[in-house]
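Residues take their numbers from the sequence shown, with the count starting at 1. One-based numbering, in listed order, for ligands and for the atoms of each.
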Amino acid sequence: MQKMQTKFCGITFPSPLVQVSGMIHSSQALAILAQERGVGGVTWKSISLQPRPMHKTPTVVPFGIGFINSVGLPSPGVEVAALEILQVMKKIKVPLIASIVAFQISEFYPLAQQVAKTKPDFIEINLSCPNVDDEIGKPFGTDPLMSMLAVQEVKRAAGKIPVIAKLTPNVVDLPEIVRAVAEAGADAIAAINTSGPGLLIDTHTRKPRLGHKIGGISGAAIKPLALRCVYDVVKTVKLPVIGMGGVSTGADAIEMIMVGATLVGVGSAMFGVGNKIFGKIYDEMLEVMKREKITSLDSIRQTIN
Ligand code: RRO
């Protein structure tokens with residue numbers, strides 16, 4: 001429907017709903033999801049320069065109002081991922097966001113260069129995975145200088161491809177990070193990655209429920225945190241934002257847009273529902289709009305002040 005079409009960095013998304021990185025690991029499954037009703041765009045699982053294995057299972061565990069995960073950034077490495085992106089790009093009609101992750105600043109340029117050759121619609125820099133601190137220390141997104149350097153390196157390699165910086169909520173001063181990535185030339189911001197890490201215990205085995213013990217928290221539990229972070233981002237810079245974190249209903253998506261998001265990410269809500277969640281949220285958004293006499297998403301964006 002025309003009124004749901006959304007322009008983001010000059011690129012048209014048929015719906016404001018975007019599948020967030022990490023939910024789908026297979027390129028075939030991603031291509032199928034891209035054809036689903038309500039899906040405005042899809043995001044690749046974060047790609048690293050070298051191949052990486054998955055963490056010990058279980059890697060995702062549900063709890064009352066959310067999920068905890070430590071998937072561990074599995075990646076086939078950029079050489080394989082680049083071939084897969086080329087295949088998927090031929091099949092899909094919605095914009096593709098290629099997410100990348102690196103462990104040293106010097107890896108960003110060669111990684112982004114190889115990804116840029118496949119001409120994805122966007123490159124998203126994952127500055128925010130909370131699950132590999134034990135290997136690589138704190139995510140770059142917790143430090144303004146590191147965030148700035150990462151964005152600069154990717155921008156140098158990306159050419160005309162817009163670059164999205166995906167931020168972590170796990171900081172005391174989010175605007176400081178937002179200013180750093182904006183100054184480095186980020187074209188857009190994605191907020192937020194998972195919160196935490198957190199920990200859940202199985203009282204029977206007396207062991208952590210995740211194979212990797214601790215992991216990022218997602219789902220309804222972090223929705224208020226995500227909304228506040230998007231609110232902080234749009235108050236700080238003029239860049240367009242993909243708002244994500246705990247969105248599972250049309251009302252959640254409308255809230256994200258009201259605080260200032262242009263696109264809305266859907267992730268954990270896919271668990272147990274699958275691809276159909278996009279059509280469901282899309283229809284619910286239309287219902288809310290009809291009920292509240294909202295004629296366009298532009299008319300409600302950043303209107304809560
Ligand atoms: O793979 C993961 O464990 C993971 C990643 Br890359 C991320 O960015 N956020 C998250 O919660 N898990």
Side-chain angles (χ1 to χ4, degrees), residues 18-26 29-30 42-63 65-78 81 97-104 107-108 111 115 122-143 146-147 150 154 164-171 177 181 189-200 208-223 225-226 229 242-247 265-271:
V18 174
Q19 171 256 343
V20 306
S21 180
M23 294 307 299
I24 290 189
H25 294 215
S26 124
L30 197 74
V42 291
T43 313
W44 211 269
K45 170 85 186 148
S46 295
I47 303 161
S48 54
L49 200 53
Q50 303 300 333
R52 292 177 49 83
M54 193 183 264
H55 277 164
K56 203 168 126 196
T57 57
T59 55
V60 185
V61 171
F63 66 100
I65 52 165
F67 297 85
I68 179 169
N69 91 81
S70 187
V71 186
L73 261 164
S75 169
V78 70
I97 302 170
S99 169
I100 60 171
V101 69
F103 306 102
Q104 289 169 19
E107 291 179 343
F108 276 112
L111 173 60
V115 170
F122 295 85
I123 297 179
E124 179 176 279
I125 320 173
N126 183 352
L127 296 167
S128 44
C129 176
N131 295 335
V132 287
D133 289 21
D134 46 352
E135 277 179 75
I136 58 158
K138 294 282 169 229
F140 292 136
T142 58
D143 181 298
M146 289 304 205
S147 301
V154 176
I164 306 167
K166 182 162 176 181
L167 305 184
T168 173
N170 306 326
V171 289
I177 306 291
V181 297
I189 290 194
I192 56 175
N193 205 318
T194 51
S195 170
L199 174 66
L200 290 171
R209 291 178 62 194
L210 276 176
H212 193 70
K213 299 189 178 82
I214 60 173
I217 304 161
S218 65
I222 67 163
K223 191 185 95 171
L225 178 62
C229 287
I242 312 180
M244 57 187 73
V247 172
V266 177
S268 298
M270 291 178 74
F271 289 125

Find all atoms of ligand 1 within a distance of less than 4.0 Å from any non-hydrogen atom belonging to [X], and give their numbers and elements.
X	answer
N126	6 (Br), 7 (C), 8 (O)
P130	9 (N), 10 (C), 11 (O)
L73	1 (O), 2 (C), 3 (O), 6 (Br)
N69	2 (C), 3 (O), 4 (C), 10 (C), 11 (O), 12 (N)

Result of checking V78, L49, V154, N126 against I100 for side-chain contact (heavy atoms from CB on, under 4.5 Å): V154

Distance (rounded to the nearest 0.5 Å) between [X] [atom1] and [Y] [atom2]:
X	Y	atom1	atom2	value
H25	K45	NE2	NZ	4.5 Å
E124	S46	CD	OG	7.0 Å
I97	I123	CD1	CD1	11.5 Å
H212	T59	NE2	OG1	11.5 Å

G216 N/O under 3.5 Å from ligand 1 N/O: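 Checking ligand 1 against G216, no N or O pair falls under 3.5 Å apart.
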
Whether K45 lies under 4.0 Å from ligand 1, heavy atom: yes

Residues forming a salt bridge (charged side-chain N to carboxylate O under 4.0 Å, His left out) with K138, sequence neighbours excluded: D133

Results of salt bridge (charged side-chain N to carboxylate O under 4.0 Å, His left out) for R209 - residues two or more places apart only: none

Heavy-atom nearest neighbour of atom 5 (C) of ligand 1 within options G72, S46, C129: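 The residue whose heavy atom sits nearest atom 5 (C) of ligand 1 is C129.
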
Heavy-atom nearest option to atom 10 (C) of ligand 1, drawn from V132, T194, T168, I192: T194

Taking atom 9 (N) of ligand 1 as the reference point, the nearest protein heavy atom with its distance: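 The protein heavy atom lying closest is N193 OD1, 2.8 Å.
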
